[in-house]
Amino acid sequence: MSDLRAFYERYLKALNAHEFDGMGEFIADRTTLNGEPATRDDLLAVQRHDVDAVPDLHWELRELLFDGDRLAARLVNTGTPVKEWLGVRPTGASFEIVEYAIYQVRDGRFVHMAALHDAAELRRQLTG
């Protein structure tokens with residue numbers, strides 16, 4: 001369990017530093033993203049797109065639970081979009097939302113990743 005905690009904390013540190021080139025350490029070549037088959041490159045394209053639109057995008061871990069090879073995290077995501085993102089034009093408004101994420105780790109890398117956040121609340125914060 002402490003190994004999984006350290007693994008996730010390293011992943012989050014790299015994610016917050018927007019160090020996507022090193023994500024092969026954390027994400028398997030083939031994975032699932034929200035229940036759909038995906039490659040690591042697919043997932044990284046989503047992350048890069050998000051950070052391109054929200055350069056200060058940050059994930060803060062609030063809670064981490066373990067069940068065998070699975071992790072569940074409650075995070076707070078913050079940022080200020082500088083480009084159109086999720087269908088909302090930038091207004092200078094920032095957001096702070098809670099994200100719930102579930103992961104499965106096999107052979108030292110994520111093979112399943114799923115995340116849920118309140119998109120309506122996110123849009124409300126961005127549009128005022």
Side-chain angles (χ1 to χ4, degrees):
M1 183 164 61
S2 64
D3 289 346
L4 279 180
R5 174 177 292 282
F7 168 80
Y8 191 74
E9 287 173 347
R10 283 193 323 274
Y11 166 71
L12 204 55
K13 182 178 179 182
L15 190 61
N16 278 323
H18 306 158
E19 295 172 350
F20 301 115
D21 291 338
M23 286 296 165
E25 175 186 349
F26 304 104
I27 303 167
D29 296 340
R30 296 207 168 274
T31 184
T32 60
L33 178 58
N34 296 320
E36 298 295 321
T39 66
R40 179 175 50 244
D41 289 341
D42 295 334
L43 188 126
L44 293 177
V46 170
Q47 291 178 338
R48 283 185 171 109
H49 170 76
D50 289 346
V51 168
D52 181 56
V54 188
D56 64 344
L57 187 55
H58 182 81
W59 295 263
E60 181 181 330
L61 182 63
R62 295 288 175 91
E63 191 171 8
L64 188 61
L65 304 172
F66 305 93
D67 182 20
D69 63 353
R70 295 183 181 269
L71 308 172
R74 183 173 59 89
L75 306 120
V76 172
N77 303 351
T78 57
T80 306
V82 299
K83 294 182 179 178
E84 185 172 315
W85 186 58
L86 305 176
V88 178
R89 296 167 71 93
T91 62
S94 297
F95 66 88
E96 180 176 306
I97 58 166
V98 175
E99 174 185 345
Y100 297 95
I102 298 172
Y103 308 87
Q104 183 178 16
V105 178
R106 189 174 303 130
D107 298 324
R109 297 191 292 176
F110 295 126
V111 294
H112 171 73
M113 304 173 83
L116 176 68
H117 64 267
D118 188 342
E121 174 61 16
L122 175 62
R123 284 190 181 89
R124 186 195 67 74
Q125 289 181 33
L126 293 179
T127 59

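For the numbers below, each heavy atom of this structure counts, side chains included, while hydrogens, waters and symmetry mates do not.
Using a 4.5 Å cut-off between side-chain heavy atoms of Ile, Leu, Val, Met, Phe, Trp and Tyr, with links allowed through other members, Val51 and Val54 fall into the same hydrophobic cluster. Residues Ile97 and Leu12 are members of one and the same hydrophobic cluster, defined by side-chain heavy-atom contacts under 4.5 angstrom among Ile, Leu, Val, Met, Phe, Trp and Tyr. Taking hydrophobic clusters as Ile, Leu, Val, Met, Phe, Trp and Tyr residues chained together by side-chain heavy-atom distances below 4.5 Å, Ile102 does not share a cluster with Met113. Phe95 and Leu61 end up in the same hydrophobic cluster when Ile, Leu, Val, Met, Phe, Trp and Tyr side chains are linked at under 4.5 Å. The cluster map of Ile, Leu, Val, Met, Phe, Trp and Tyr, joined by side-chain heavy atoms under 4.5 Å apart, puts Tyr8 and Phe66 in the same cluster.
We find the CZ-NE2 distance between Arg70 and His112 to be 6.0 Å, quoted to the nearest 0.5 Å. One distance of note links CG of Leu43 with CZ of Phe110; it measures 9.5 Å at 0.5 Å rounding.
Counting all heavy atoms, side chain and backbone alike, Gly68 lies closest to Leu4 at O-CD1, 3.4 Å. Shown here for Thr80 and Gly92, the closest heavy-atom pair between the two residues is CG2-O, 3.7 Å. Pro81 and Ala93 get closest at one heavy-atom pair: CD-O, 3.5 Å. Here the closest heavy-atom approach between residue Gly79 and residue Asp56 is recorded as CA-OD1, 3.4 Å. Here the shortest heavy-atom pairing between Arg48 and Asp21 reads NH2-OD1, 2.9 Å.
Applying the salt bridge (charged side-chain N to carboxylate O under 4.0 Å, His left out) test to residues at least two apart or on different chains, the pairs with a partner in residues 32-43 are Asp29-Arg40. Under the salt bridge (charged side-chain N to carboxylate O under 4.0 Å, His left out) criterion, the residue pairs touching residues 71-80 are Glu63-Arg74, with sequence neighbours excluded. A salt bridge (charged side-chain N to carboxylate O under 4.0 Å, His left out) check over residues 79-93, counting only residues at least two apart or in different chains, returns the pairs Asp52-Lys83. Applying the salt bridge (charged side-chain N to carboxylate O under 4.0 Å, His left out) test to residues at least two apart or on different chains, the pairs with a partner in residues 118-128 are Glu121-Arg124.
With sequence neighbours excluded, no residue forms a salt bridge (charged side-chain N to carboxylate O under 4.0 Å, His left out) with Arg106. With sequence neighbours excluded, no residue forms a ring-ring contact (aromatic ring centres under 6.0 Å, His included) with Trp59. The side-chain hydrogen bond (donor to acceptor under 3.5 Å, both in side chains) check on Glu9 picks up nothing, with sequence neighbours excluded. Checked against side-chain hydrogen bond (donor to acceptor under 3.5 Å, both in side chains), Thr91 has no partners two or more places apart in sequence or in another chain. Listed by chain and number, the residues in a ring-ring contact (aromatic ring centres under 6.0 Å, His included) with Phe26 are Phe7, Tyr11 (sequence neighbours excluded). In this structure Thr78 satisfies the side chain to side chain contact (heavy atoms under 4.5 Å, CB included) test together with His58, Val76, Glu96, sequence neighbours excluded. For the salt bridge (charged side-chain N to carboxylate O under 4.0 Å, His left out) test, no residue two or more places apart in sequence or in another chain qualifies with Asp67. For Glu25, the salt bridge (charged side-chain N to carboxylate O under 4.0 Å, His left out) partners at least two apart in sequence or on another chain are Arg10.
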Go through Leu116 and Glu99 one step at a time and tell me if the side-chain contact (heavy atoms from CB on, under 4.5 Å) criterion holds. CA-CA 6 Å; Leu116 176 68; Glu99 174 185 345; over 6 Å; no
Please step through side-chain contact (heavy atoms from CB on, under 4.5 Å) for the pair Leu15 and Met23, ending with a clear verdict. CA-CA 8 Å; Leu15 190 61; Met23 286 296 165; 4.2 Å; yes
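Residues Thr31 and Thr39 have side chains not in contact (no heavy-atom distance under 4.5 Å, counting atoms from C-beta outward). Between Tyr103 and Val111, the closest side-chain pair of non-hydrogen atoms is not below 4.5 Å. Side-chain atoms of His117 and Tyr100, non-hydrogen and from C-beta on, never get closer than 4.5 Å to each other. Counting only heavy atoms from C-beta outward, the side chains of Leu44 and Gln47 approach each other to under 4.5 Å.
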